[in-house]
2 protein chains.
Amino acid sequence: LKKGVVITDVGSVKASVVNALAPLLPAGAHLIPGHPVAGTEKSGPSAGFASLFDDRWVILTPPENTDPAALEKLSAFWTGLGANVDIMTPEHHDLVLAITSHVPHLIAYNIVGTASDLEEVTRSEVIKYSAGGFRDFTRIAASDPTMWRDVFLNNKDAVLEMLGRFSEDLTALQRAIRWGDGDALFELFTRTRGIRRRIIDAGQDEAGADFGRPHED
Amino acid sequence: LKKGVVITDVGSVKASVVNALAPLLPAGAHLIPGHPVAGTEKSGPSAGFASLFDDRWVILTPPENTDPAALEKLSAFWTGLGANVDIMTPEHHDLVLAITSHVPHLIAYNIVGTASDLEEVTRSEVIKYSAGGFRDFTRIAASDPTMWRDVFLNNKDAVLEMLGRFSEDLTALQRAIRWGDGDALFELFTRTRGIRRRIIDAGQDEAGADFGRPHED
């Protein structure tokens with residue numbers, strides 16, 4: 001800790017972390033919170049693999065007055081691992097992650113919970129027919145419970161804001177189904193296809209069908 | 001159509017289909033609606049592959065008075081393709097599919113729509129950071145818009161029922177986040193992990209991390 005750069009890998013980069021640690025740092029040590037947006041549903045060192053950071057994005061949220069040389073050094077570390085680096089405020093990071101990661105995890109956990117509580121449809125039916133779409137949600141709903149509990153408790157404001165929008169939009173869709181408004185459904189379903197295409201073009205997901213799940217052909 | 005078995009592959013097996021077709025069938029032709037719960041986000045013949053039905057489940061919903069020999073023949077057809085066959089009423093099929101497929105598709109379409117409408121977070125940020133979880137949802141939100149519009153219009157009652165439960169559960173989670181009830185979050189997040197494990201044990205998804213998305217190691 002004497003010299004160089006301190007990296008913290010935190011899902012929710014709070015100013016509070018910086019404020020708590022800063023007074024304890026010796027001279028010449030720099031604190032630059034960062035978040036590599038990469039990984040799988042598995043945690044721990046044995047879940048790593050050589051290409052984990054290839055073409056993934058790392059968010060750095062340097063406090064004001066960060067030494068530019070330290071920031072440069074940390075950026076070079078990440079690009080050396082194959083990642084791309086973006087710099088933003090902790091507040092903006094929390095918003096970006098709320099919609100790209102936290103709310104997706106929450107609704108995945110939620111639908112898996114809803115399905116496992118049904119009486120009309122048995123749990124073994126849910127398992128058997130999961131290839132119809134449900135199983136995609138179970139992957140992220142298998143993520144580490146302790147870490148994700150803490151993410152939600154620590155990024156409350158941004159998660160509640162994005163969740164409010166999600167629920168509002170879902171209510172509008174529900175209404176479209178109830179009233180038979182096929183055009184509203186079709187319009188949305190067409191628009192969302194374009195986002196998938198952009199994610200694949202940006203190298204952020206597999207182009208193959210079904211996430212490239214292994215298939216015999 | 002003169003002899004043998006008619007198969008219909010319909011996401012939502014409605015009694016109305018049977019009622020409309022039955023009077024038009026010549027003697028010796030049997031109508032047994034069925035739904036193979038298999039496939040990817042791609043549609044059409046070129047999206048097929050040899051192992052498409054291996055270990056997947058096919059739901060048959062034979063009308064009353066179906067010729068047992070015809071049902072036997074159709075079941076043998078599907079098991080010959082590597083699938084397992086289940087028999088149930090159309091009403092139960094619609095409920096099972098609502099929770100394992102239709103609601104998952106709807107919330108995937110919905111969150112992709114919510115994310116693409118934000119002003120505070122740009123669309124290119126959503127794309128760049130999609131590896132945090134969001135991209136999983138874009139796969140099924142890239143499914144055929146025409147087919148899915150029709151699924152929701154035709155399975156309205158079961159979808160609205162399951163969607164009501166989903167929203168109720170999500171509101172409870174939202175409340176747990178707002179009030180800092182970490183135990184409630186932890187309990188759910190632990191329970192959902194078990195469902196993932198059962199889906200993998202049942203051969204309905206990849207055991208590898210990240211759906212077995214190709215990684216260099």
Side-chain angles (χ1 to χ4, degrees), chain A residues 37 40 42 49-51 57 95-96 99-101 104-105 109-110 112-115 121 125 127-136 138 140-142 145 148-149 152 165-166 169-170 177 182 185-186 188-190 192-193 195-196 198-199 202 204-206 209-217, chain B residues 37 40 42 49-51 57 95-96 99-101 104-105 109-110 112-115 121 125 127-136 138 140-142 145 148-149 152 165-166 169-170 177 182 185-186 188-190 192-193 195-196 198-199 202 204-206 209-217:
Chain A
V37 184
T40 73
K42 314 276 187 196
F49 46 92
S51 58
W57 286 85
L95 267 186
V96 169
I99 191 67
T100 55
S101 179
H105 275 75
Y109 280 122
N110 190 65
V112 177
T114 303
V121 176
E125 286 174 322
I127 309 278
K128 279 155 82 171
Y129 302 113
S130 60
F134 179 74
R135 63 178 181 177
D136 282 17
T138 64
I140 57 183
W148 281 96
R149 176 198 61 199
F152 292 115
R165 288 163 183 258
F166 172 83
D169 292 346
L170 189 61
I177 292 173
L185 300 175
F186 186 81
L188 172 67
F189 300 172
T190 305
T192 54
R193 260 192 159 171
I195 302 275
R196 173 81 185 158
R198 286 188 57 191
I199 286 177
Q204 294 301 309
D205 207 352
E206 258 302 296
D210 221 5
F211 299 123
R213 280 188 184 97
H215 294 147
E216 255 176 78
D217 211 348
Chain B
V37 184
T40 73
K42 314 276 186 196
F49 47 91
S51 59
W57 286 85
L95 267 186
V96 169
I99 192 65
T100 55
S101 179
H105 275 75
Y109 280 124
N110 190 64
V112 178
T114 303
V121 176
E125 285 175 322
I127 309 278
K128 279 156 79 172
Y129 303 112
S130 60
F134 180 74
R135 63 179 182 177
D136 281 17
T138 63
I140 57 182
W148 282 96
R149 176 197 61 201
F152 292 115
R165 289 163 183 258
F166 171 84
D169 292 345
L170 189 61
I177 293 173
L185 300 176
F186 187 81
L188 172 68
F189 301 172
T190 305
T192 54
R193 260 192 160 172
I195 301 275
R196 173 79 184 160
R198 286 188 57 192
I199 287 177
Q204 294 303 307
D205 207 353
E206 258 303 295
D210 220 5
F211 301 122
R213 282 185 181 100
H215 294 146
E216 256 176 79
D217 211 346

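Quick note on labels: first sequence line is chain A, next is B, and so on, each numbered from 1.
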Engineer: Specify the closest pair of heavy atoms between K42(A) and A209(B), including all atoms of both residues, with the distance to one decimal.
Structural biologist: CG-CB, 3.7 Å
Engineer: What residue in R165(B), E206(B), R196(B), R149(B) has the most heavy-atom pairs under 4.5 Å with chain A?
Structural biologist: R196(B)
Engineer: What part of K128(B) is in contact with chain A, defined as an atom under 4.5 angstrom from a non-hydrogen atom: side chain, backbone, both or neither?
Structural biologist: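 Both parts, backbone and side chain.
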Engineer: Identify the two heavy atoms, one from Y109(B) and one from L188(A), that lie closest to each other, and give their separation to 0.1 Å.
Structural biologist: O-CD2, 3.9 Å
Engineer: How long is the gap from CD1 on I99(B) to CD on E125(A), to the nearest 0.5 Å?
Structural biologist: 12.0 Å
Engineer: So, the side chain of R198(A) versus the backbone of I127(B): is there a donor-acceptor pair under 3.5 Å, distance only?
Structural biologist: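 No: the side chain of R198(A) does not pair with the backbone of I127(B).
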Engineer: Which one of A115(B), S101(B), G212(B), G132(B) has the most heavy-atom pairs closer than 4.5 Å to chain A?
Structural biologist: G132(B)
Engineer: Please give me the minimum heavy-atom distance between A142(B) and R193(A), naming the atom from each residue.
Structural biologist: O-NE, 2.9 Å
Engineer: So which of T100(B), T40(B), L185(B), V96(B) has the largest heavy-atom pair count under 4.5 angstrom toward chain A?
Structural biologist: T100(B)
Engineer: Quick one: closest heavy-atom pair of I195(B) and F134(A), and the distance?
Structural biologist: CG2-CE2, 4.1 Å
Engineer: Please round to the nearest 0.5 Å and tell me the distance separating atom CG of D210(B) and atom CZ of R213(A).
Structural biologist: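 Reported value, rounded in 0.5 Å steps: 10.5 Å.
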Engineer: May I ask you to name which of G133(A), P104(A), G182(A) has the most heavy-atom pairs under 4.5 Å with chain B?
Structural biologist: P104(A)
Engineer: Using a 4.5 angstrom heavy-atom cutoff, name the option from F152(B), W148(B), F166(B) with the most pairs to chain A.
Structural biologist: F166(B)
Engineer: Name the option with the most non-hydrogen atom pairs under 4.5 Å to chain A; the candidates are L95(B), T190(B), I199(B).
Structural biologist: I199(B)
Engineer: Between CZ of F211(A) and CZ of R135(B), what distance do you get to the nearest 0.5 Å?
Structural biologist: 8.0 Å
Engineer: Could you report the tightest heavy-atom contact between N110(B) and L170(A), atom names first, then the distance?
Structural biologist: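 The answer is OD1-N, 3.2 Å.
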Engineer: Under a 4.5 Å heavy-atom cutoff, which of V37(B), D136(B), V121(B), I140(B) has the most pairs with chain A?
Structural biologist: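 Greatest number of close heavy-atom pairs with chain A: D136(B).
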Engineer: Looking at every heavy atom in both T192(B) and G113(A), which two are closest together, and how far apart are they?
Structural biologist: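 Residues T192(B) and G113(A), closest heavy atoms: CG2-N, 3.9 Å.
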